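A short write-up of the structure that comes next.
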Amino acid sequence: MRLTHSFAIACLSLTIAAMPGCRRAPPDGIALVGATLVDGSGGPPLPDAAIVVRRGRIESVGTRAGFKLPPRTRQVNVPGRWIIPGLIDAHAHVEPWALPRYLAWGVTTVRDLHGQIDSILHLRREVNLGAVRGPRIYSAGAMIDGLPTTYPDALGANTPHDARKAVDRLVNAGADLIKVYTRVDPTLLQAVLDEARTFNMRVTGHLGLVDAVTASREGINSIEHLSGIPEACLADASSLNAAHYRGFFAGWTAFERSWAGLDSAALERVAKALAHQGTMLVPTLVLHETFSRLDDPAVLQDTMLRAVPELQQRRWNVPDMVRRAGWTDEDYLAFRAARPRQDEFLRLFAAAGGRFATGTDASNQLLIPGYSEHRELELLVAAGFSPRDALLAATRNGALILGVDSLGLIAPGKAADLVVLTRDPLADIRNTLSIDQVMVRGLLLRADSIRKAW
Ligand SMILES: [Zn+2]
């Protein structure tokens with residue numbers, strides 16, 4: 001009798017523990033209730049939203065009217081707030097110190113475009129396993145460059161055979177995409193694209209010796225920094241090519257200086273050609289803008305730089321970079337004159353149906369991981385795009401460029417990466433900085449507590 005009784009109790013407790021919705025079971029979901037949702041589709045915002053998230057995924061999206069809290073779900077009220085998808089930085093060079101900065105500034109995915117291959121792929125694994133907290137990392141591993149390579153940790157290629165081997169090596173190492181650099185010529189690029197196609201790998205380029213239209217026609221998926229565009233506009237790009245052969249800074253300087261003199265009809269022709277091929281762009285306006293103002297002490301003394309560890313700032317060594325680049329006052333004037341033409345090009349590209357994604361080039365000199373993404377958004381709006389379109393560049397288009405359909409959108413089944421803002425980002429794009437909370441993989445974090453911990 002006693003035995004039967006205890007058995008019954010044990011059964012009952014087991015049943016209760018196994019029952020979904022049992023009050024004793026800990027919550028495994030979060031409902032964010034009362035905010036205005038800007039879901040990343042480009043459609044109108046949804047006021048008074050109720051978003052349920054469970055086990056790293058969005059479970060449901062609706063409105064508060066008629067909302068019933070599902071079992072095992074903790075309700076978090078966020079009235080008067082705005083919710084946007086987690087931001088994507090589509091041009092990053094990720095280092096461990098940058099991870100909490102990305103999260104605190106609402107960047108939940110980064111597209112890493114070159115680093116020390118073992119370190120970056122190890123870091124990606126650590127983040128995926130949850131051993132280290134950070135944004136999702138998609139990485140190109142090490143870039144492929146012509147010989148001699150611009151950076152010592154790039155994979156150098158002299159022949160099409162070398163180029164194919166470099167792609168194979170990156171595929172075997174587990175890279176998510178392939179990046180080619182300025183010293184890759186048309187023959188090498190063809191081999192890279194052909195080999196990458198075998199593995200269904202996307203290829204992006206910081207172009208130098210190949211112009212943007214040629215790269216686009218050959219099937220490159222995306223182009224970084226608006227590179228290769230002046231080369232495609234000019235009837236004779238031989239002086240730019242010669243500069244790219246001389247070295248990285250010579251090439252960059254000549255490229256940047258050429259923008260102001262480009263013909264508008266040529267810009268339009270190139271914009272249409274790239275848009276019609278479906279080649280995506282990551283313009284990194286924040287990089288062009290920052291490097292065009294290195295003669296302004298305010299840029300070097302920006303208080304935001306306090307977010308960057310001192311050791312890193314010493315490694316940046318901006319005066320040394322300027323010395324190596326040999327930039328003069330005249331160069332800075334030309335770089336600043338390039339900016340309106342780059343904006344004009346981006347407008348022509350978008351008008352032709354082209355798509356672009358936000359990218360920053362952090363953590364290169366003066367480009368603060370996470371924060372620079374908001375500067376890029378602001379520069380896109382200054383270039384003539386609406387806050388809505390700028391946000392789409394940082395969410396939907398970032399996912400498109402990665403070829404990942406679970407990101408960039410807040411909808412059932414998508415990854416639970418989102419940002420809770422205190423002010424309306426569609427009213428003023430600078431309001432994307434008013435970050436209250438950040439959710440990555442379904443984990444809700446307070447921005448100020450991430451900041452306190454770095
Ligand atoms: Zn870069």
Side-chain angles (χ1 to χ4, degrees), residues 88-95 97-99 101-102 107 109-117 119-121 123-124 135 137-146 149-155 170 175-184 192 202-210 212 215 220-229 244 247-253 255-256 280-292 294 308 312 315-318 321 324-325 335 342 356-373 375-376 379 393-394 398 401-402:
I88 299 172
D89 184 341
H91 190 126
H93 300 279
V94 180
E95 291 173 17
W97 67 270
L99 300 181
R101 274 87 180 161
Y102 282 121
V107 174
T109 298
V110 290
R111 178 172 171 259
D112 173 83
L113 289 189
H114 174 71
Q116 211 286 319
I117 184 163
S119 323
I120 182 63
L121 295 181
L123 191 62
R124 183 186 66 182
I137 299 174
Y138 290 83
S139 178
M143 58 168 79
I144 300 175
D145 202 357
T149 60
T150 310
Y151 298 101
D153 44 10
L155 304 182
L170 290 164
D176 298 295
L177 71 152
I178 305 288
K179 181 199 187 178
V180 296
Y181 211 53
T182 54
R183 300 179 72 87
V184 165
V192 167
R202 280 155 199 266
V203 179
T204 194
H206 177 166
L207 304 174
L209 299 177
V210 191
I220 202 163
N221 299 91
S222 54
I223 295 172
E224 309 297 316
H225 312 307
L226 305 173
S227 61
I229 287 161
H244 290 303
F248 176 76
F249 281 119
W252 178 268
T253 306
F255 151 80
E256 206 71 321
M280 287 189 71
L281 299 179
V282 184
T284 65
L285 300 181
V286 64
L287 167 69
H288 294 282
E289 182 73 21
T290 304
F291 280 18
S292 78
L294 291 177
V308 176
Q312 182 59 34
R315 273 198 210 120
W316 276 353
N317 199 344
V318 177
M321 177 182 74
R324 282 186 288 128
F335 293 175
Q342 293 164 343
F356 56 86
T358 52
T360 65
D361 218 5
S363 0
N364 272 326
Q365 276 86 352
L366 301 170
L367 299 158
I368 303 167
Y371 177 70
S372 301
E373 177 83 353
R375 291 279 298 124
E376 183 71 7
L379 289 167
I401 213 166
L402 287 167

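Every number for a ligand or one of its atoms is a count from 1 in the order of the listing. All of these numbers come straight from a predicted model, not from anything done at the bench.
Here His225 fails the criterion, with no N, O or S atom under 2.8 Å of the Zn ion (ligand 1). Inclusion of His206 in the first shell of the Zn ion (ligand 1) is not supported: no N, O or S atom falls under 2.8 Å. The Zn ion (ligand 1) lies under 2.8 Å from an N, O or S atom belonging to Asp361.
Looking only at distances, no side-chain donor or acceptor of Arg375 sits under 3.5 Å from a matching main-chain atom of Tyr371. With hydrogens and angles disregarded, a donor-acceptor distance shorter than 3.5 Å links the side chain of Asp112 to the backbone of Val94.
Aromatic ring centroids of Trp252 and Phe249 lie 6.0 Å or more apart.
The one candidate from Asp89, Thr290, Thr284, Val308 that meets the side-chain contact (heavy atoms from CB on, under 4.5 Å) condition with Leu367 is Thr290.
Vertex the Zn ion (ligand 1); arms to His91 atom NE2 and His93 atom NE2; angle 110° (nearest 10°).
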